[in-house]
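Note that this is a predicted model, so its numbers are computed, not measured.
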Amino acid sequence: MNQHLKELVTLSKIDKELDSFSPQIEAATQKVEKEKKKVEAAQERLDTLKKQIEENENKIATYEEQIGTLSEQLDSIQKKGKEVSTEKEMKALSIEEEIAREKLTFANEEIERLGKANETKKELLEEQNKELEELKAALEQAQADAANELEAIEKEKAHLYKERDEIIRKMDQKVLSFYEKIRKWAGNSAVVPVRKQACYGCFLKISDKTYSDVIRGEEIVTCPHCGRILYLEEVEEPVEA
């Protein structure tokens, strides 16, 4: 295998390894986003409960005001009852009193109902607060884990970029340009091995002549079907015991 081809194979392997970090970075980021969404959803549930409790408390306050007004109204009706002189006036006061008492009963029932509803909601609020704290802790842990993972990835990438730069500095620029041109559409499969006389980029069989050229490794050979750079993998000899 000539020097240019060796450099291309090494460079391709480095680029492939660098590309492999992208899904790892995405996975680490997605873990954090997943935990963040859980926290946001729990916070939303908590805010909804708080709003419902506040609305119920406002309703209770309104009904309590109504009870005060109705109590005053009933006192006034009783006073008027002592002063009426006709049956018609007495009947009108009786209807007015009945309506006021119905409203008073309804207001008291609503206060009781809303009070019980708020007791349940406050219990749920306490549980939701606890769940939110647990989710926040899980988010912090996920963020810490992701930060450590990304830091380790960045260190590996820095080492690989250093190796890449060293190879590029030594390479023939025309060969490098040819490789980068193929890499634009082939990605990290710009340089692929030949196995069983087939290109392992497009998996099509190559001709005997092309295969022979690949075996010799004297020149850079491309697949006649897909245009990827081909090379023959070196078989490691078994170590004698």
Side-chain angles (χ1 to χ4, degrees), residues 12-75 99-165 180 183-190:
S12 176
K13 287 179 179 178
I14 290 173
D15 283 338
K16 189 172 184 178
E17 195 167 350
L18 284 168
D19 288 345
S20 72
F21 289 124
S22 294
Q24 294 178 45
I25 293 170
E26 187 179 352
T29 305
Q30 283 180 346
K31 284 179 185 176
V32 173
E33 285 303 313
K34 186 178 179 182
E35 294 302 323
K36 194 178 289 184
K37 284 180 181 178
K38 288 181 182 178
V39 170
E40 289 172 353
Q43 185 65 60
E44 189 176 341
R45 291 194 295 272
L46 189 69
D47 292 341
T48 300
L49 276 171
K50 285 180 178 178
K51 187 178 179 182
Q52 289 172 345
I53 290 169
E54 185 180 355
E55 286 174 351
N56 284 349
E57 286 175 348
N58 289 336
K59 286 178 182 178
I60 288 171
T62 301
Y63 282 122
E64 285 174 344
E65 286 179 10
Q66 287 181 9
I67 287 172
T69 303
L70 289 166
S71 296
E72 290 176 2
Q73 185 181 348
L74 287 169
D75 288 341
I99 292 170
R101 290 192 182 282
E102 284 178 359
K103 287 181 179 179
L104 190 63
T105 300
F106 178 77
N108 280 313
E109 287 174 351
E110 281 299 289
I111 288 172
E112 185 180 359
R113 183 184 69 80
L114 292 168
K116 288 179 179 178
N118 269 3
E119 284 178 13
T120 303
K121 288 183 187 297
K122 284 175 182 177
E123 288 175 5
L124 289 173
L125 189 66
E126 190 176 341
E127 292 174 7
Q128 195 63 50
N129 268 317
K130 190 183 292 184
E131 182 186 352
L132 181 60
E133 290 306 311
E134 290 173 356
L135 289 171
K136 283 181 177 178
L139 173 59
E140 288 177 7
Q141 186 60 55
Q143 288 172 328
D145 291 343
N148 291 334
E149 191 174 346
L150 292 173
E151 185 181 358
I153 288 173
E154 286 305 314
K155 285 180 180 178
E156 288 185 56
K157 284 174 70 177
H159 175 71
L160 288 169
Y161 276 123
K162 186 179 178 181
E163 283 187 31
R164 192 179 194 277
D165 289 341
E180 293 293 355
R183 194 167 185 268
K184 281 181 181 179
W185 59 265
N188 56 30
S189 67

> In Å and rounded to the nearest 0.5 Å, what is the CG to CG distance from N129 to L46?
Replying inline: 4.5 Å
>> Testing the basics here: between V32 and L139, what is the closest heavy-atom pair and its distance to 0.1 Å?
In response: O-CD1, 3.7 Å
> Residues two or more places apart in sequence or in another chain: which of them pass side-chain hydrogen bond (donor to acceptor under 3.5 Å, both in side chains) with E163?
Replying inline: H159
> Of all heavy-atom pairs between A28 and A146, which one has the smallest distance, and what is that distance?
Replying inline: O-CB, 4.0 Å
>> For E57, give me all partners under side-chain contact (heavy atoms from CB on, under 4.5 Å), at least two apart in sequence or on another chain.
In response: I53, N118, K122
>> Which residues pass the salt bridge (Lys or Arg N to Asp or Glu O under 4.0 Å) test with K103, not counting sequence neighbours?
In response: none
> Under the side-chain hydrogen bond (donor to acceptor under 3.5 Å, both in side chains) test, which residues partner S12, sequence neighbours left out?
Replying inline: none
> Which pairs, with at least one residue in residues 133-146 and sequence neighbours excluded, count as a side chain to side chain donor-acceptor pair (under 3.5 Å)?
Replying inline: Q141-D145
> Got a sec, which residues hit side-chain contact (heavy atoms from CB on, under 4.5 Å) with E131, two or more places apart in sequence or on another chain?
Replying inline: R45, Q128, L135
>> Please find the pair of heavy atoms, one from I60 and one from G115, that lie closest to each other, and give the distance.
In response: CD1-N, 4.0 Å
>> With salt bridge (charged side-chain N to carboxylate O under 4.0 Å, His left out) as the criterion, how do R113 and E110 come out once you've worked through the C-alpha distance, each side chain's angles and the decisive distance to 0.1 Å?
In response: CA-CA 5 Å; R113 183 184 69 80; E110 281 299 289; 2.8 Å; yes
> CG/L104 to OH/Y63 distance, rounded to the nearest 0.5 angstrom?
Replying inline: 12.5 Å
>> Ignoring hydrogens, what is the shortest heavy-atom contact between A100 and L70? Give both atom names and the distance.
In response: O-CD2, 3.8 Å
> What distance do L125 atom CG and L49 atom CG have between them, rounded to the nearest 0.5 Å?
Replying inline: 6.0 Å
> Just wondering, do E126 and E123 contact through their side chains at under 4.5 Å, heavy atoms?
Replying inline: no
> Partners of E180 by side-chain hydrogen bond (donor to acceptor under 3.5 Å, both in side chains), sequence neighbours excluded?
Replying inline: R164
> Listed by chain and number, what are the side-chain contact (heavy atoms from CB on, under 4.5 Å) partners of E55, not counting sequence neighbours?
Replying inline: K51
> Excluding sequence neighbours, so at least two apart, what forms side-chain hydrogen bond (donor to acceptor under 3.5 Å, both in side chains) with K38?
Replying inline: none
>> Return the CD1 to CG distance between I153 and L160, rounded to the nearest 0.5 Å.
In response: 11.5 Å
> For K116, what residues pass the salt bridge (Lys or Arg N to Asp or Glu O under 4.0 Å) criterion, not counting sequence neighbours?
Replying inline: E112
>> Listing request: all salt bridge (Lys or Arg N to Asp or Glu O under 4.0 Å) pairs with a residue in residues 18-34, at least two apart in sequence or in separate chains.
In response: D19-R183, E33-K36
> In Å, rounded to the nearest 0.5 Å, how long is the span from CZ of F21 to NZ of K157?
Replying inline: 7.5 Å
>> Test of understanding: with side-chain contact (heavy atoms from CB on, under 4.5 Å), list the residues that count as partners of D47, not counting sequence neighbours.
In response: Q43
> Given L124 and Q52, is the side chain to side chain contact (heavy atoms under 4.5 Å, CB included) satisfied, shown in steps?
Replying inline: CA-CA 12 Å; L124 289 173; Q52 289 172 345; over 6 Å; no
>> Would you compute the distance between atom CD of Q73 and atom CG of D75 and round it to the nearest 0.5 angstrom?
In response: 10.5 Å
